[in-house]
Each structure stands twice: as C-alpha cells, then as structure tokens.
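Naming: A, B, ... by sequence-line order, numbering from 1 per chain. Keep in mind that this is a model prediction, so the values were computed, not measured.
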Amino acid sequence: MAYSEKVIDHYENPRNVGSLDAADDAVGTGLVGAPACGDVMKLQIKVNDQGVIEDAKFKTFGCGSAIASSSLVTEWIKGKTIDEASIIKNTEIAQHLSLPPVKIHCSMLAEDAIRAAIQDYKQKHSTV
Amino acid sequence: MVTRPIYLDYQSTTPCDPRVLETMIPYFTEEFGNPHSRSHAYGWRAEEAVETARVQIAKIINADPREVIFTSGATESNNLALKGVAHFYKAKKDHIITCVTEHKCVLDSCRHLEQDGFKVTYLPVEKNGIIDLNRLKDAITDRTSIVSIMAVNNEIGVIQPLTEIGKICREAGVFFHTDAAQAIGKIPMDVEAMNIDLLSLSSHKIYGPKGVGALYVRRKPRVRLVSLIDGGGQERGMRSGTLSTPLCVGLGMACEIAGQEMVAENLTLLALRDRFYKKITSKLEEVYINGDFDKRIPGNLNLSFAHVEGEGLMMGIKELAVSSGSACTSASLEPSYVLRALGVKVEMAHTSLRIGFGRFTTQEEVEYAAEKIITEVLRLRDMSPLWEMSRQGIDIESIQWAEH
C-alpha cells in the first residue's frame with residue numbers, strides 16, 4: 001500500500017510524542033482503541049486557565065496512518081480552546097492525510113482520542 | 001536510482017534461479033513444439049524435455065516419474081488432490097481430515113466440499129503449530145477418504161510429523177495428501193518412507209518459474225481421482241491441457257538444483273538465521289517466536305515484537321521486504337488465522353513479522369536487516385502507549401478496551 005507524503009512525514013518525524021503527568025489537574029488524558037484491534041492511542045492535553053490547550057502529547061500503537069493521525073491532531077489542537085478542539089472531525093484528518101478508505105478508522109480513532117482527553121479534563125473540573 | 005528493498009520474504013515467492021532460466025529459454029523459441037504432438041520431431045523433442053523434468057521432480061520426492069502430473073501450481077494441485085479424491089470415493093467415503101493452519105487453498109477446497117455434502121474435520125494444532133497425532137487417530141473413521149496435512153507451514157515454517165502421519169493413514173487405509181509447497185528443497189521428502197499418497201508442490205517457491213507445479217499421485221496402491229479440467233486427456237487424464245514445456249523444464253531444473261544443494265543451503269541458512277535471531281534478541285526484550293523453534297525450516301522466522309504493531313513496523317523498515325501477520329496488510333482486517341490457531345493472542349498477532357531467508361540472502365543483508373529492525377522497534381516502543389504501560393507494570397489485559 002502506498003502512503004501519502006504527509007503520512008510518511010508524520011510517521012518518520014512524529015510531532016509531540018511523549019507523556020504529560022496524568023495526575024496534574026490541568027492535564028486531560030484520552031486512551032482509545034484496543035490492542036486486539038491493532039491500534040491504541042493515548043492523547044494528553046494540558047489546558048490553561050483560559051481553556052486553551054497549551055500542550056499536547058501522544059503515544060500510539062498502530063500502523064503508520066494511526067501514528068500520523070494522532071501526530072497531526074496534536075499539532076492541530078495546540079493553541080485551540082477545548083471547545084474549538086472538540087469540533088475537529090475525522091473527515092478533516094482523513095482528507096488532510098489522504099487516507100485510503102481502509103484507514104478511515106485511524107482518523108476516527110484520533111477524533112475519539114481528542115474527545116476522550118477533553119472529557120477527562122472536564123471531569124477533573126466538574127467537582128461542583 | 002532507487003535501490004530495491006532487501007528481499008526477506010522467501011516463503012512468499014523466490015526469484016527464478018539463473019540456472020533454471022537458462023534451461024528454459026530454448027523452449028520458448030526454437031524448441032517450441034507441442035509436447036503432445038506425436039507426428040514430428042518438434043513434438044518429440046518437447047516431450048523428451050517434459051519427461052526429463054518429470055524424472056527430476058520424481059527424484060526429489062523418491063517417486064516414479066509416471067506418478068507425477070503437471071499443474072499450474074500448488075493451489076491447483078491441492079484443489080485436485082482434495083476435490084478429486086473426495087468426489088471419486090464419495091459413494092463409500094465422505095469424510096475428510098485436515099488441519100486449521102493449512103494454506104487457504106486447502107481450507108477453501110474443504111469448505112467447498114462441505115457445501116457439496118462432505119464432512120470435514122479441522123484438526124487443531126498445539127501451541128508450537130504441530131498437530132497432535134492422537135487427535136488424528138481419533139478423527140479417522142471408516143468414512144474417511146483422505147487426510148490432508150501440510151508438510152511445512154507457510155507462515156511459521158514448522159514441520160509436521162509426516163512419517164508418523166503417513167503410518168497412521170496407511171494403517172487405517174486412508175489416503176494421505178500433503179501440501180509440500182514449502183517443504184521441497186528444505187527438508188528431505190520421501191513418498192515411500194513417509195507413506196504419502198498425494199503430494200503437491202510448487203515451482204516458484206523453489207527458485208523455479210511461476211505458473212507451474214505438480215501433483216504426485218500414487219500408483220501402488222492406486223489413488224484415483226476425478227479431474228477438475230477435462231479435455232484432451234493429458235497427464236493420464238487427470239489434468240487436460242497442453243503442457244507449457246519451458247515451465248515444466250524450469251520446475252524440473254529447480255528440483256534438480258534443490259536436491260543437490262539442499263544440505264549445504266540449509267547449513268548456510270541456519271547460520272544466517274541464528275546470527276539474525278541472536279542479534280535481535282540480544283538488543284530487544286520481549287521478542288517472541290511463533291511456532292516451534294526446532295521443528296522448523298531454517299529459512300523462516302516468525303517473530304512477535306510486543307507492543308509494536310506489525311504494519312507500523314513494516315513502514316519503518318521499508319528497506320526490507322518482509323510480511324506481517326498483522327491485520328492491516330490484508331483486506332480482511334483480521335490478524336493471521338495461523339497465529340491465532342497457535343493460541344497467540346490477537347494483540348500479539350498484530351505485532352508479528354515473518355522473515356524469510358533464502359538462496360540469495362547474504363550475511364551483510366542479514367546484519368543490516370537486524371540492525372534496522374532493532375532501531376525501528378526501539379523507536380516505535382518509545383512511541384507506544386502499551387510499551388509505556390507495561391514498563392509501568394500496568395496489566396494491559398486488565399484494562400477495559402473499547403474494541404472497535
């Protein structure tokens with residue numbers, strides 16, 4: 001299967017690989033996918049007092065398209081508010097990376113990862 | 001110029017040996033006769049070449065040349081053996097025994113026969129990929145016509161106990177068919193000593209041309225079968241159609257070379273494989289071998305690199321031509337059924353690579369391949385959330401994953 005140049009670029013030079021302290025109140029962690037399905041994404045966001053995502057990190061077990069999708073979304077969500085980040089659609093990811101139909105699930109997983117990270121962050125701040 | 005990847009996929013196919021190609025060439029041009037033409041020298045010369053090839057093929061399996069029929073490849077041979085025997089004997093016997101790790105063409109032929117009303121027993125395999133002989137004995141009934149167990153598995157390279165299986169089948173009066181596509185030239189094959197009644201082989205797996213194979217069909221005790229392709233009655237009526245002289249000649253020569261060089265080639269391959277395996281395991285933790293390590297052909301390794309997904313890994317080692325048991329490489333999105341049959345967990349099946357060494361593999365290539373894989377596995381593990389969790393002592397199986 002031929003990968004698009006953008007997928008190869010993100011795979012070979014992934015942006016924002018790493019982990020943030022999951023115990024930090026400002027950090028939201030999303031862990032989606034399943035090892036049995038061949039892909040797992042961990043996406044973490046660090047949100048400031050204005051609700052802006054200051055930092056984002058990912059780790060992904062999966063194929064090149066899964067790695068590229070998660071790398072791409074860390075770039076996209078940095079500097080966005082959590083509300084702006086939560087409306088990113090898998091179709092935008094798939095289109096940007098020119099994913100073939102069999103790899104669409106990778107972009108859906110990346111979208112799920114953003115949602116899960118935001119939800120985790122919101123849960124931490126919904127003590128009222 | 002773009003250099004080509006290092007070829008480490010010899011179980012998939014092999015390059016045609018230049019010595020094989022050389023013997024084929026005249027039969028494309030000046031020696032173009034139809035080997036079935038009896039009325040002139042063109043035909044006689046082509047026939048002579050085909051019969052020489054038949055002798056060469058018979059020799060590598062210790063058969064009589066009259067017991068060898070040419071086909072288009074092992075897929076056709078397997079189809080003909082199973083469907084041919086099953087249908088010929090169906091009045092009295094309607095049961096077939098095979099094994100879950102067989103090649104798709106055997107399994108799909110069996111599925112087809114089930115639709116035709118036959119009963120099929122699919123024997124499981126042990127964790128090492130080998131069948132349990134007691135289960136085989138127990139599965140045979142007086143309605144069983146044929147047992148089909150492959151000699152060497154195409155994914156994990158394990159060798160089945162052919163002599164023992166042959167003995168059980170002969171004593172029970174049941175035909176024994178083996179798919180030896182991956183075995184010829186790798187392990188000694190002897191239809192007499194192993195009591196094999198039908199044997200499929202393929203040319204392109206043994207450095208011969210693609211598009212040709214053979215089926216051995218025993219004469220004493222005689223095995224009869226219904227043909228799949230009818231016509232001029234060539235190949236003792238079992239497989240009609242004009243033979244391709246150059247392809248037959250190529251397969252014959254490939255067998256000749258395989259017979260002569262097998263012992264030396266195995267020693268070389270074993271040394272290369274051990275070098276590769278030692279290097280990998282000295283630098284990487286949690287590398288698991290799929291299939292029995294000892295009862296295996298020397299040219300095959302099937303390894304799982306825990307917490308690194310196979311397709312992702314292959315993308316990082318694009319300088320190497322290997323294959324993966326991971327789902328993503330096939331359209332089905334299901335990981336290898338062979339690995340699953342060994343009891344390998346789905347998540348581990350996703351992390352597997354099949355590395356195949358062969359006649360033209362060099363020590364430099366093996367060294368380079370091992371280094372490349374080590375570097376890439378380390379890089380991808382650094383990027384893997386599963387690796388991170390396992391390092392933190394988190395039991396990955398205890399997590400409720402949302403399977404999608």
Side-chain angles (χ1 to χ4, degrees), chain A residues 1-4 7-20 22 29-44 57-71 74 90 99-113 115-117, chain B residues 304-319 323-336 339-340 344-352 375-392 394-404:
Chain A
M1 192 188 317
Y3 294 95
S4 71
V7 169
I8 294 169
D9 178 42
H10 276 282
Y11 175 82
E12 288 178 352
N13 311 292
R15 326 312 191 235
N16 308 305
V17 175
S19 295
L20 300 169
T29 301
L31 183 66
V32 297
C37 302
D39 33 33
V40 175
M41 285 181 194
K42 187 187 78 168
L43 182 72
Q44 292 183 302
K57 296 277 183 201
F58 85 95
K59 282 203 172 188
T60 289
F61 163 84
C63 64
S65 302
I67 290 170
S69 296
S70 34
S71 169
T74 59
N90 74 74
L99 296 182
V102 302
K103 295 295 178 190
I104 297 301
H105 70 277
C106 297
S107 62
M108 292 164 71
L109 207 57
E111 182 190 315
D112 290 348
R115 299 258 166 87
Chain B
S304 281
F305 299 89
H307 313 310
V308 176
E309 200 273 331
E311 194 197 347
L313 177 55
M314 287 215 292
M315 191 174 164
I317 52 170
K318 55 183 185 300
E319 299 87 346
S323 72
S324 170
S326 172
C328 299
T329 48
S330 65
S332 69
L333 292 178
E334 283 296 320
S336 157
L339 297 185
R340 296 288 292 125
V344 174
K345 292 212 171 68
V346 195
E347 48 267 43
M348 285 302 277
H350 277 292
T351 70
S352 76
T375 309
E376 202 55 25
V377 168
L378 290 172
R379 182 179 90 94
L380 290 170
R381 278 183 174 167
D382 269 347
M383 219 190 284
S384 166
L386 302 178
W387 181 252
E388 182 181 61
M389 289 157 89
S390 87
R391 292 306 94 179
Q392 291 164 351
I394 298 169
D395 179 10
I396 287 160
E397 280 177 41
S398 70
I399 295 173
Q400 285 286 324
W401 297 101
E403 304 213 354
H404 51 282

Using 0.5 Å steps for rounding, measure from the CG atom of A:Leu99 to the SG atom of A:Cys106. 6.5 Å

What's the shortest heavy-atom distance between A:Ala116 and A:Gly30, and which atoms? CB-CA, 3.7 Å

Picking from B:Glu347, B:Met315, B:His307, which has the most non-hydrogen pairs under 4.5 angstrom with chain A? B:Met315

B:Lys345 versus chain A, heavy atoms under 4.5 Å apart: side chain, backbone, both or neither? neither

Most heavy-atom pairs under 4.5 Å with chain B, out of A:Thr60, A:Asp112, A:Ile8, A:Val17, belong to A:Thr60

Can you confirm whether the side chains of A:Ser19 and A:Lys42 place a donor and an acceptor under 3.5 Å from each other? yes

Do B:Arg391 and B:Asp382 meet the salt-bridge criterion of a basic N to acidic O distance under 4.0 Å? no

Which bit of B:Leu313 comes within less than 4.5 Å of chain A, counting heavy atoms only: side chain, backbone, both or neither? backbone

